[in-house]
Engineer: 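For reference, the structure I am asking about is given below.
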Amino acid sequence: MDKPSPSPNPVSRPFREACGREELVYQHCAGCGSAQYYPRSLCTHCSSAALEWRVSTGRGTVYSYTDVFRAPNEAFKADVPYVIAVIDVTEGFRVLTNVLAETGKVKIGSGVHAVFEDRGAVKLLQFALDTQSG
Ligand SMILES: [Zn+2]
């Protein structure tokens, strides 16, 4: 069994293409100034359709996380244990993602940065822990 792959639609295609360039992009609302992720056709704050794409620094902190010890299916068996987290990205949006780190190393507030997993036809957004100093 292969891991599932995203199927881009007209709304999400710019995001998926940016992942291919190893860039994290998000939607910025020209109507109210909100940042939005994941891609949608309208702003979730003010319902404006005036959404523009911006490039994120890809930097953030862990808002919450969980360690996964039981694979949801055969495709993920070799990956356990792994970490799923909600990341507060610097530009003001949250991403539900994997953090590529050993379980026990990720903490609430840990600094992270975007990385991209090459799965052949697509590159997937994930995050990794910032290098600790000291
Ligand atoms: Zn808005």
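Just so you know, ligand 1 is whichever comes first in the structure, and atom 1 is the first atom listed for that ligand. Bear in mind the structure is a predicted one, so any value in this text is a computation, not a measurement.
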Engineer: Please indicate whether E102 has more than 12 foreign heavy atoms, meaning atoms of other residues, nucleotides or ligands, lying under 6.0 Å from its CD.
Structural biologist: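 Open.
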Engineer: Is any side-chain heavy atom of L51 closer than 4.5 Å to one of C43?
Structural biologist: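 Answer yes - side chains close enough.
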Engineer: Can you name the residues that form a side chain to side chain donor-acceptor pair (under 3.5 Å) with N9, not counting sequence neighbours?
Structural biologist: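 N9: side chain to side chain donor-acceptor pair (under 3.5 Å) contacts with S12.
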Engineer: Applying side chain to side chain donor-acceptor pair (under 3.5 Å), name anything that partners K105, two or more places apart in sequence or on another chain.
Structural biologist: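 Here no residue qualifies.
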Engineer: At a cut-off of 2.8 Å, list the protein N/O/S atoms near the Zn ion (ligand 1), residue plus atom name.
Structural biologist: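 You should have found C29 SG, C32 SG, C43 SG, C46 SG.
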Engineer: Heavy-atom distance under 4.5 Å between the side chains of K3 and D79, does that happen here?
Structural biologist: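 K3 reaches D79 side chain to side chain.
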Engineer: Just jot down the side chain to side chain donor-acceptor pair (under 3.5 Å) partners of T57, sequence neighbours excluded, or say none.
Structural biologist: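 Counting only residues at least two positions away or on another chain, T57 forms a side chain to side chain donor-acceptor pair (under 3.5 Å) with E91.
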